[in-house]
Protein chains: 2
Amino acid sequence: MEKRAGDHKRNVTIDDVAALAGVSRQTVSRVINRSPNVRDSVRERIEQAIEQLGYVANLSARRMGGGKSFLILAINDKARTIENWSAGRGNDWVDQMLFGGMTECQKHGFHMSFELVDTEPDQARKQLSDIVAALRPDGVILTPPHSDNPELLELLERRAIPCGRIARSEGGAFVDVYMDEEGAAYEASRHLLRFGHRRIAFLSGNPTYANARARLAGFRRALAEEGLGESAAVTGSGDFHFERAEDVVSDWLSAPNPPTAIIADNDEMAHAALHVARRNGLAVPSDLSVISFEDTPGVRFTLPPLTAIRQPTAEMFAKACERLITVSGGGDGLGAYAVPFTLVVRDSTGPAPE
Amino acid sequence: MEKRAGDHKRNVTIDDVAALAGVSRQTVSRVINRSPNVRDSVRERIEQAIEQLGYVANLSARRMGGGKSFLILAINDKARTIENWSAGRGNDWVDQMLFGGMTECQKHGFHMSFELVDTEPDQARKQLSDIVAALRPDGVILTPPHSDNPELLELLERRAIPCGRIARSEGGAFVDVYMDEEGAAYEASRHLLRFGHRRIAFLSGNPTYANARARLAGFRRALAEEGLGESAAVTGSGDFHFERAEDVVSDWLSAPNPPTAIIADNDEMAHAALHVARRNGLAVPSDLSVISFEDTPGVRFTLPPLTAIRQPTAEMFAKACERLITVSGGGDGLGAYAVPFTLVVRDSTGPAPE
DNA sequence: CTGAAAGCGCTTACAG
DNA sequence: CTGAAAGCGCTTACAG
């Protein structure tokens, strides 16, 4: 299966372009890289040659020669991602990550690469170290829980690779992009309070996550502002899982003085709330309002379609890429950036029952 | 933002390993590439040096030197993918594609890269040509509709890049991986026939797709085998869209002698069937059975959860990667491969009503 | 504004 | 079994 000579055109290189345009190789390089100091007539001649030959620079060669990779690397938690994928339970986090990242990178002539890394500290360190050594990315984006791993942050810092975190984090020379979780929970709660709900349950995911705590805080703030005491706020953890959420909601709905609205920390738990409501003969939203935090594709098709806080995942990755590309080019871009969320109102929320 | 000398360790190269192990650079290269002809004692010494230095080869340099990229490129239709992503309507096709592809590639020391290409012929050709010139992948996987585009196939053939198609296709030196669509529709139909259904509707997506025609054929074969005439088979097109599917199903259910079961060509249309059934006061599955072709994450959470044919997307991409890697290494791997599907039985199908 | 030289970090023939 | 040389296709200083 050897390539026979003459079997097909040899790949066209920068020297072919230089020869055709009658200039030196590095002048062509200047045009490719939009460097200044090329006479217009020469530039045009070179551009024509490029066009005519269909020349596109070999990216690996550019990386080798210039020490730039034109690559932003996005890292996700391996175990969790694989588990979701193999259960056919992909939410669209990865999709939105690629959407925002690929689109933004392309604008700048960059590529986005997506890799998985384990959470266990030793493995995480080794795996990220290897990936970075092999790929030499110009920037790395870390998502939770990696974004909170000091060893990984230090590794990237030591190798002078600009690093972005999709999380609200403090300290260090990073690009931090996040959504205002506290504010989103506040808005979701306000939406329900305006409908007259006076007993609201917050079905949280996992209280060990900083996000979960921030949301809970926003929820409490909204209730407090309305002058509602602690008794108005029902809370419990469904650990992001359908079955566990079902149990918690069942308990709530069969207790005396049940909540008239539920805010769920993710869509899967919101689905569970819908199922339990139906089993208990409660109509949504007339007997019970449900609102979710996530807005994955399926929520438009539930009965009824779910009102939800939409995470700006794509926008966050786009922003992180844009900033990292700036930083890798020597520009000024470190810092923290909040990206706005949206409350998508559908049919699962309505006035509180009498 | 220059890297100051001494600011951090210089990247370790193959020469550092060679120096530490006291051998030449190409002997280290042999160990990295698992070539034969290295004395065991020397191999061990080198492996220790690699371990000690934490050396990982620079992938771009390997690509430059060896003419191999260790890269498999998966191409999706740009417009459709972006449209789904921006509508927040990602099914998990991309997820499963990455799942199967990344996992398999990693086993062989390869990477998977994912890119989008437009459908319009001129753009498609130009874009694929550019990507291939920049990245020099060792293999490319084309999905519909690109997998049926003769220009793209020819382009890859001319550049001697092994090409895989995720589609049932004929002719050419390709790796073709597909699922038995006709057989899957046959199985879905059998499932309903065993429940005693004698009037079944097939809600097809878009009859211009070869897959759609194959499924319809499987459906008809199952009914014919049971001795049911044309009148038992109701068919219509919902064009893969919720609203259009709603209209079709509404018509069916309000007509005299309505079907007692519906097979939908994708999940979105199955969701629509569920909504219309509910509006018409029909219980699923006691009054109407529904079965879908796709099995995206949301179907486990509908009321009731949907019985569905599960597309083996990850398995198809894994297979394609494995074969392409073999072919790119000079091995024998071209040909057509069928990957088994699964009928996932949940709660939306049951005995036909009296 | 343009070019000749050196080098990025590997691998592939080719010697021995 | 091991090594010295050449080359992959670019970019980066450095001259002019």
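Below, chain A is the first sequence line, B the second, and so on; all start at residue 1. On a predicted model such as this, the values are computed, not experimentally measured, just so you know.
Residue contacts for A:R25: at a heavy-atom cut-off of 4.0 Å it reaches a base atom on one of the strands shown. Using a 4.0 Å heavy-atom cutoff across all strands shown, B:G66 reaches sugar-phosphate atoms only and no base atom. At the heavy-atom level, A:N37 lies under 4.0 Å from base atoms of the strands shown. Among the atoms of the strands shown, base atoms are found under 4.0 Å from some heavy atom of A:R30.
Neither OP1 nor OP2 of D:dC8 sits under 4.0 Å from any side-chain N or O of B:R63. For A:N58 and D:dC8, the shortest distance from a side-chain N or O to OP1 or OP2 is not below 4.0 Å. For D:dG9, neither phosphate oxygen OP1 nor OP2 lies less than 4.0 angstrom from any side-chain nitrogen or oxygen of A:T13. Contact between the side-chain N/O atoms of A:S29 and the OP1/OP2 oxygens of D:dT11 is found at a separation under 4.0 Å. B:T27 has no side-chain polar atom (N or O) that falls below the 4.0 Å cut-off from OP1 or OP2 of D:dT2. Proximity of A:R62 to the phosphate of D:dT11: a side-chain N or O atom is located under 4.0 Å from OP1 or OP2.
Atom CZ of A:F70 is separated from atom P of D:dC10 by 12 Å (rounded to the nearest Å). The separation between A:N11 atom CG and D:dG7 atom P is 18 Å, rounded to whole Å. Protein atom CD1 of B:I32 is 13 Å distant from nucleotide atom P of C:dG9, rounded to whole Å. Following rounding to the nearest Å, A:Q26 (CD) and C:dG3 (C1') show an atom-to-atom distance of 5 Å. A:M64 has its CE atom 13 Å from the C1' atom of D:dT12, to the nearest Å. Atom CG of B:D15 and atom C1' of D:dG3 are 13 Å apart (whole Å). Taking atom NZ on A:K68 and atom P on D:dT12, their separation rounds to 8 Å, with Å as the unit. In this structure, CG of A:D138 is placed 14 Å from P of D:dT11, rounded to the nearest angstrom.
Ion pairing between B:R158 and B:E154 holds under the 4.0 Å rule for side-chain N and carboxylate O.
Put simply, the side chain of A:N58 gets close to the backbone of A:S60: a donor and an acceptor are under 3.5 Å apart. Not one N or O on the side chain of A:E115 forms a donor-acceptor pair closer than 3.5 Å with the backbone of A:L73. In this structure, B:D138 contributes its side chain and B:F70 its backbone to a donor-acceptor pair below 3.5 Å.
Within 6.0 Å of the CD atom in B:E120, the count of heavy atoms belonging to other residues, nucleotides or ligands exceeds 12.
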Just to be sure I follow the notation: if a pair is Watson-Crick (purine N1 to pyrimidine N3 plus N6-O4 or O6-N4) or a G-U wobble (N1-O2 and O6-N3), each under 3.5 Å, what dot-bracket string does DNA chain C give, with | for pairs to another strand?
|||.||||||||.|||

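A side-chain N or O of A:S129 and one of A:R159 form a donor-acceptor pair less than 3.5 Å apart.
Annotation: of the two residues near DNA chain C, B:I14 and A:P36, the 5′-most nearest-nucleotide partner is A:P36. Nearer to the 5' terminus of DNA chain D, by closest-nucleotide assignment, is the contact made by B:R45 (compared with the other of B:G65 and B:R45). Mapping B:V23 and A:V56 onto DNA chain D by nearest heavy atom places B:V23 closer to the 5' end of the strand.
In this structure, the side chains of A:N76 and A:F114 come closer than 4.5 Å at one or more pairs of heavy atoms.
Just one of A:K126, A:K78, A:R125, A:Q127 meets the side chain to side chain donor-acceptor pair (under 3.5 Å) condition when paired with A:D118; it is A:Q127.
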